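These notes concern the structure reproduced below.
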Amino acid sequence: MKQKASDQVIYYENTDGPVIGSVSRKIIEKDGLTFKDIDGSGELTAVNDWRCPPEERAAAYVKELSVDEKIAQLFISDWRMGPKYPTPTLPEHEYITDESGLLDEAEVTGKTIFGEQGLPGTTTLLKKWFSRHLILRANATPEDMADWLNQLQAVAEECEHFVPVQAASNSRNENGELVFGMNDAFGTLATWPGTLGIAAAVRGDNLEVIDRFADCIRREWKACGLRKGYMYMADCLTDPRWQRSYGTFGEDPALNTAIFEHLIPGIQGSEDGVTMDGVAMTVKHFPGGGARENGFDPHYAAGQWNVYATEGSLQKYHLPAFAPAVKYHASSIMPYYSKPSVRKSAPQKDMEGKPLALDPYGFAYNKVFIDGVLRKQMGFDGYINSDTGIVHNMCWGVEALDKPERIGFAVTQSGVDLISGLFDNEMGREAYDRATNGYYDEHPVPEGYKKEDLVLTDESLDRAVTRTLTEMFRLGMFDNPYADPQQAAVTATLTEDREEADLVHRKSVVLLKNQDVLPLTTAQLEGKKIYAEAFAKDPRNADASTKRLKELLTGYTLIENFTLTDDPAEADYAILMVTPSSGEYFNATPGYLELDICEGKEVCDVDESGKPMASTHMETTVTGMGRYQEITESVHANGGKVITNINISLAWLVGNVESVSDALTAGFDTYPEATLDVIFGDFSPVGKLPVTLPRNDAVLAVNADGECISPNDVPGYDKDQYMPENLKDENGKAYAYRDSAGNYYELDFGLRYE
């Protein structure tokens with residue numbers, strides 16, 4: 001069998017310079033130093049000379065690459081490892097691996113939500129298509145990731161011009177369900193709570209949590225050879241029905257801004273941009289995806305609008321957290337799919353305080369926002385990486401254009417540098433050729449557009465490729481793109497990182513209610529019986545979680561003081577874990593995303609424009625809610641106490657649970673071990689809510705015109721000033737849930753043990 005690339009790399013040391021790593025590339029020696037023959041010239045050109053600034057090397061290399069080689073750099077899409085790690089976004093197929101056993105060489109034709117494409121084997125993709133930007137979604141071990149990436153780099157070295165493979169990934173260091181486009185992996189690297197949980201821990205502790213989190217990511221990813229992350233979301237959560245709520249850091253623009261002030265330099269390696277020891281960040285989703293029209297998903301036509309119903313909301317809530325991305329030179333920023341609503345939005349201002357034109361183009365196509373607000377006014381100097389699928393199925397605002405025109409319009413007109421979705425090299429070439437082949441002499445220019453904005457020009461092509469090449473030169477990937485698989489495995493299992501992540505799990509637990517129940521001390525548990533059960537939307541998940549919960553309780557250090565019972569009627573305490581789930585990511589829902597913790601609830605359908613209809617359907621976010629109520633009644637009838645934990649992935653309506661619980665905690669994809677540590681007093685709760693929990697359906701009601709009673713663009717903590725007076729209580733509050741103890745479950749709320 002052919003050796004793995006990691007076994008073939010030869011390294012060359014340079015005094016006061018980078019290590020050069022190569023499998024097959026020629027090495028140039030001069031002045032006692034070694035250089036890699038990147039451009040194939042055999043000479044010490046600016047491209048090959050690591051002493052030259054990254055920007056200079058990139059600009060020089062763009063002049064050497066062919067048009068087709070440059071066009072291939074405009075696109076990034078999912079790619080696959082071998083049969084050990086099937087990619088969920090690509091169809092099942094019979095794998096054909098190369099001699100190394102690492103690269104899938106099968107041809108695959110597949111259709112996804114983003115479009116349909118026939119794909120070649122890996123070697124053909126790299127050598128003939130010259131594609132270099134891939135998205136890795138496989139939940140691979142650190143060692144396998146490093147091996148696979150090394151082999152990709154070795155194949156790339158065989159081309160006349162060497163451009164390293166830049167594999168991007170969504171976050172891999174948080175706990176939770178694997179969700180395409182959010183978190184591609186968990187458990188193989190140090191695993192922290194979800195980002196809402198990290199925010200809960202930060203609110204209760206301090207921003208040093210973010211410093212340690214960022215440093216852990218930087219070291220682990222670099223060790224694996226992963227040098228670009230589609231992370232993190234700077235979006236301010238303002239509409240609670242947004243499916244992607246759980247990927248944010250919550251609803252407070254001030255906290256979001258502070259987090260990114262620490263997160264970006266920590267992951268990228270410096271305050272001046274990405275370094276050779278860093279990982280490039282793609283901050284998303286500019287100018288903020290939280291202002292969803294009643295939570296609709298912008299992967300579908302009903303969700304194509306960002307609604308700024310409140311004057312000045314864009315500046316006040318949604319743009320602030322992107323300022324650190326500019327200040328600390330985030331490598332790239334990702335615009336959202338959606339487009340601003342002209343009809344339903346109030347006046348907004350740009351960064352100079354002038355009226356902002358809300359042109360109805362998806363943000364990747366929106367020159368006002370990308371070239372105007374982000375680049376010219378905010379001063380962003382990185383590159384623009386579109387969200388996935390804008391050329392094919394999520395082309396909001398430019399549906400009248402064909403696919404080559406959409407590519408030209410995005411790159412040339414608004415300034416996108418990397419388009420995510422498919423490897424649209426042929427369409428990119430068509431967009432380039434139309435500038436000179438007379439196409440528009442025979443075909444009309446679509447109404448409202450100019451020819452020069454619909455084609456790829458040499459100027460726009462060179463600009464885009466220079467920016468993405470600069471990133472890889474800054475990372476040192478041209479000189480040495482290789483990682484040590486054994487070191488990757490060691491770095492990813494460092495005890496101190498695992499212990500730090502476990503600590504933040506504990507810090508993320510928020511104590512919402514405590515009627516003299518918690519903590520369960522040794523004295524309280526003497527001779528007592530505990531009933532334990534988990535609830536979820538999928539009964540299979542509930543069964544697995546119940547089994548795990550009982551195992552944890554059986555092995556708990558205080559086990560000698562209590563026993564587990566299978567009969568809630570004889571329980572002194574019930575510990576119930578509730579994990580709601582609403583809707584399905586990448587599947588349109590027939591109505592508004594349901595936030596109630598419920599089973600079999602009748603709710604209205606919505607029409608294609610997002611307005612409520614008279615017809616209805618049934619929604620369930622937790623299977624077994626009837627059983628849950630029966631258990632709580634049985635425990636209370638025995639004089640026992642009910643302790644419930646809710647997993648907050650969305651801003652749930654918690655009334656059905658809080659009203660029957662004597663103690664209530666919240667986690668955010670938090671380990672159950674961490675929650676039990678709080679319940680049993682091994683860790684005193686410090687977490688604070690990063691998001692306001694709505695009171696009930698009334699504060700989320702949508703009228704016949706599709707307008708929500710609580711504005712979509714305002715975070716929960718500020719919604720009361722816009723709520724009707726008849727919904728407000730004696731304290732002037734309407735939006736936040738108020739529990740039986742009189743506490744409001746609003747931003748920054750969280751009890752502690754006295």
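Heads up: numbering here begins at 1 and tracks the sequence. Small disclaimer: the values here were computed from a predicted structure and weren't measured.
- The six-membered or imidazole ring of Phe409 lies near that of Tyr361, with a centre-to-centre distance under 6.0 Å.
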Going through the distances and angles, do Asp39 and Thr45 end up as a side chain to side chain donor-acceptor pair (under 3.5 Å)? CA-CA 8 Å; Asp39 60 12; Thr45 61; 2.7 Å; yes
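- Counting non-hydrogen atoms of neighbouring residues, nucleotides and ligands closer than 6.0 angstrom, the CD atom of Gln486 reaches no more than 12 such neighbours.
- A donor-acceptor contact shorter than 3.5 Å is absent between the side chain of Tyr383 and the backbone of Val465.
- His93 and Asp104 form a side-chain donor-acceptor contact under 3.5 Å, judged by distance and modelled atom types alone.
- No side-chain heavy atom of Val283 sits under 4.5 Å from any side-chain heavy atom of Met334.
- The backbone N or O of Asp458 sits nowhere less than 3.5 Å from a side-chain atom of Arg463 that would complete a donor-acceptor pair.
- With respect to the salt-bridge test (charged N to carboxylate O, under 4.0 angstrom), the residues Arg434 and Asp402 qualify.
- The side-chain hydrogen bond (donor to acceptor under 3.5 Å, both in side chains) with Tyr337 is formed by just one residue from the set Asn393, Asp387, Thr388; it is Asp387.
- In the model, Glu69 has a side-chain atom that pairs as donor or acceptor with a side-chain atom of His161 under 3.5 Å.
- Residues Leu401 and Cys395 form no side-chain contact, since every pair of their non-hydrogen atoms from C-beta on lies 4.5 Å or further apart.
- Taking both residues in full, the closest heavy atoms of Ala325 and Ile333 are given as CB-CD1, 3.9 Å, listed atom of the first, atom of the second, then distance.
- Evaluation of the side-chain hydrogen bond (donor to acceptor under 3.5 Å, both in side chains) rule for Asp453 yields no partner, not counting sequence neighbours.
- When atom types are taken as modelled, the side chain of Trp396 and the backbone of Pro298 share a donor-acceptor pair closer than 3.5 angstrom.
- Contact check for Trp79 versus Val165: no side-chain heavy atoms found under the 4.5 Å cut-off.
- Looking at heavy atoms from C-beta onward, Leu74 lies out of side-chain contact with Thr468 at the 4.5 angstrom threshold.
- The neighbour count for Glu399 CD, taken as heavy atoms of other residues, nucleotides or ligands under 6.0 Å away, is above 12.
- Scanning all heavy atoms of the two residues, the minimum distance from Tyr232 to Met281 falls at N-CE, 3.7 Å.
- A distance-only check finds a donor-acceptor pair linking the side chain of Asp235 to the backbone of His285 [under 3.5 Å].
- Taking the six-membered ring for Trp and the full ring otherwise, the centers of Phe75 and Phe423 sit at least 6.0 Å from each other.
- Rounded to the nearest 0.5 angstrom, Asp417 CG and Leu469 CG are separated by 11.0 Å.
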How far apart are the C-alpha atoms of Glu459 and Thr412, what are their side-chain angles, what is the distance that settles it, and do they pass the side chain to side chain contact (heavy atoms under 4.5 Å, CB included) test? CA-CA 8 Å; Glu459 180 183 9; Thr412 300; over 6 Å; no
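- Distance check, rounded to the nearest 0.5 Å: CD of Gln166 to CG of Leu136 gives 11.5 Å.
- Atom NZ in Lys339 sits 11.5 Å away from atom CG in Asp359 (nearest 0.5 Å).
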Between Leu103 and Leu126, is the side chain to side chain contact (heavy atoms under 4.5 Å, CB included) condition met? List the steps. CA-CA 11 Å; Leu103 305 184; Leu126 299 181; 5.5 Å; no
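- The side-chain heavy atoms of Leu125 and Pro120, taken from C-beta on, include a pair separated by under 4.5 Å.
- Atom CD of Glu426 is surrounded by 12 or fewer heavy atoms from other residues, nucleotides or ligands within 6.0 Å.
- Remark: the Lys26 side chain and the Asn48 side chain contain no N/O donor-acceptor pair separated by less than 3.5 Å.
- When every heavy atom of Arg219 is checked against every heavy atom of Thr491, the shortest pair comes out as O-CG2, 3.7 Å.
- The minimum heavy-atom distance between Thr122 and Glu105, with the atom names listed, is N-OE1, 3.0 Å.
- In terms of modelled atom types and a separation under 3.5 Å, the side chain of Arg132 and the main chain of Gln73 share no donor-acceptor contact.
- Side-chain contact between His392 and Asp424 is present, with heavy atoms from C-beta onward closer than 4.5 Å.
- Pairing each heavy atom of Arg218 with each of Ile267, the nearest pair is CG-O, 3.3 Å.
- With hydrogens and angles disregarded, a donor-acceptor distance shorter than 3.5 Å links the side chain of Asn14 to the backbone of Thr34.
- Look at Arg227 and Glu471 and you find no salt bridge, because none of the NZ, NE, NH1 or NH2 atoms lies under 4.0 Å from a carboxylate O.
- The CZ atom of Phe369 sits 7.5 Å away from atom CG of Leu319, with the distance rounded to the nearest 0.5 Å.
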Test side chain to side chain contact (heavy atoms under 4.5 Å, CB included) on Asp37 and Ser41; report intermediate values, then the result. CA-CA 7 Å; Asp37 187 13; Ser41 67; 4.1 Å; yes
Can Phe473 and Phe478 be said to form a ring pair (Phe, Tyr, Trp, His ring centres under 6.0 Å), step by step? CA-CA 6 Å; Phe473 275 115; Phe478 277 92; 3.8 Å; yes
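- A distance of 8.0 Å separates OG of Ser171 from CD1 of Ile217, quoted to the nearest 0.5 Å.
- For the pair Gln151 (side chain) and Asp147 (backbone), a donor-acceptor distance under 3.5 Å is absent.
- Shown are Pro287, Ser414, Pro340; of these, the side-chain contact (heavy atoms from CB on, under 4.5 Å) with Asn366 is made only by Pro340.
- In this structure, Lys376 does not pair ionically with Asp350, as no charged nitrogen and carboxylate oxygen lie closer than 4.0 Å.
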Given the rule in the side chain to side chain contact (heavy atoms under 4.5 Å, CB included) test, do Val416 and Ile370 qualify, once you have shown the distances and angles that lead to the verdict? CA-CA 8 Å; Val416 171; Ile370 300 304; 5.6 Å; no
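- The shortest side-chain heavy-atom distance between Tyr432 and Lys70 does not fall under the 4.5 Å cut-off.
- The backbone N or O of Tyr482 lies less than 3.5 Å from no partner atom in the side chain of Asn150, so there is not a single donor-acceptor pair.
- To the nearest 0.5 Å, the span separating SG on Cys216 from CG on Asp211 amounts to 13.0 Å.
- In this model, no donor atom of one side chain and acceptor atom of the other lie less than 3.5 Å apart for Asp272 and His329.
- When each of Glu261, Glu271, Gln268 is checked for a side-chain hydrogen bond (donor to acceptor under 3.5 Å, both in side chains) with Tyr328, only Glu261 meets the rule.
- Met81 approaches Asp144 most closely through the heavy-atom pair CE-O, 3.7 Å.
- Counting only distance, with no hydrogens or angles, the side chain of Arg375 and the backbone of Phe380 share a donor-acceptor pair below 3.5 Å.
- Looking only at distances, a side-chain donor or acceptor of Arg25 sits under 3.5 Å from a matching main-chain atom of Glu157.
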